[in-house]
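Working notes for the structure below.
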Amino acid sequence: MTELDKAFGSLLRELRNERALSQETLAAEAGLARNYISQLELGSKCPSLRSVFKLCKVLGVAPGDVVGEVDRRVERREELNEGLLPDTSGR
């Protein structure tokens, strides 16, 4: 499980929840398995490019926007880990 996988998974879960979709519904509409969606959201699987495009289509977001947001989240985590940014998460 990499930071990239975790960042993609948390974003996927946020986007799915914002649209009030269950994992089952998202999986069915994207032509993927529900357990695969769960594994992606947990960061235990890395999606193929084909899967990213399928998910983005169902979620109504541009793949480039998703990749950009994942990149921002990974960079932020790296900066937090290096002590370059204050932790404002409240954890």
Side-chain angles (χ1 to χ4, degrees):
M1 180 181 332
T2 68
E3 288 298 318
L4 186 64
D5 298 330
K6 288 190 270 186
F8 178 81
S10 67
L11 178 59
L12 178 61
R13 177 173 283 137
E14 287 173 25
L15 292 170
R16 179 179 60 77
N17 286 334
E18 286 172 4
R19 287 150 181 79
L21 294 172
S22 67
Q23 288 181 345
E24 292 83 4
T25 301
L26 177 59
E29 291 185 19
L32 302 168
R34 194 227 35 98
N35 66 330
Y36 181 61
I37 301 298
S38 176
Q39 291 170 328
L40 289 175
E41 289 184 356
L42 293 171
S44 63
K45 288 279 186 181
C46 180
S48 68
L49 187 57
R50 182 181 312 253
S51 294
V52 171
F53 272 75
K54 287 179 176 184
L55 292 165
C56 287
K57 184 175 182 179
V58 173
L59 294 168
V61 294
D65 292 344
V66 169
V67 171
E69 178 60 22
V70 168
D71 184 50
R72 280 187 288 283
R73 290 177 183 211
V74 169
E75 284 182 15
R76 175 144 175 82
R77 285 183 183 168
E78 288 172 354
E79 290 172 347
L80 284 170
N81 289 339
E82 293 172 4
L84 299 176
L85 291 176
D87 185 357
T88 59
S89 67
R91 294 183 196 183

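All heavy atoms count here, side chains included; hydrogens, waters and symmetry mates do not. Bear in mind that the values here come from a model prediction, so they are computed numbers and not experimental data.
When all heavy atoms of A27 and I37 are compared, the pair lying nearest together is CB-CG1, 3.7 Å. Nearest approach of P63 to C56, heavy atoms of both residues: CA-SG, 3.7 Å. Nearest approach of A7 to V74, heavy atoms of both residues: CB-CG2, 3.8 Å. For the pair D5 and C46, the tightest heavy-atom approach, listed with the atom from each and the gap, is OD1-CB, 3.4 Å. In terms of heavy atoms, V70 sits closest to F8 at CG2-CA, 3.8 Å.
Between K6 and E3 there is a salt bridge, since a side-chain N of the basic residue sits under 4.0 Å from a carboxylate O of the acidic one.
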### Query
Between V66 and L55, does a side-chain contact (heavy atoms from CB on, under 4.5 Å) hold up when you go through it step by step?
CA-CA 10 Å; V66 169; L55 292 165; over 6 Å; no

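One hydrophobic cluster, built from ILVMFWY side chains closer than 4.5 Å, cannot hold both L40 and V67; they sit in different ones.
Once rounded to the nearest 0.5 Å, the distance linking CZ of R76 with CG of D71 reads 14.0 Å. Note that CG of L32 is 10.5 Å distant from CZ of R50, once rounded to the nearest 0.5 Å. Residue K54 holds its NZ atom at 11.5 Å from CG of L49, rounded to the nearest 0.5 Å. Considering NZ of K45 and OG of S51, their distance stands at 11.0 Å, rounded to 0.5 Å. Atom OH of Y36 and atom OG of S48 lie 5.0 Å apart (nearest 0.5 Å). Between the CG atom in L4 and the CZ atom in R77 there is a gap of 10.0 Å [rounded to 0.5 Å].
Under the salt bridge (charged side-chain N to carboxylate O under 4.0 Å, His left out) rule, R73 has a single partner from E79, E14, E78, which is E14.
For R16 (side chain) and L26 (main-chain N/O), no donor-acceptor pair under 3.5 Å exists by modelled atom type.
Inspection of the N35 and S38 side chains reveals no N or O donor paired with an N or O acceptor under 3.5 Å.
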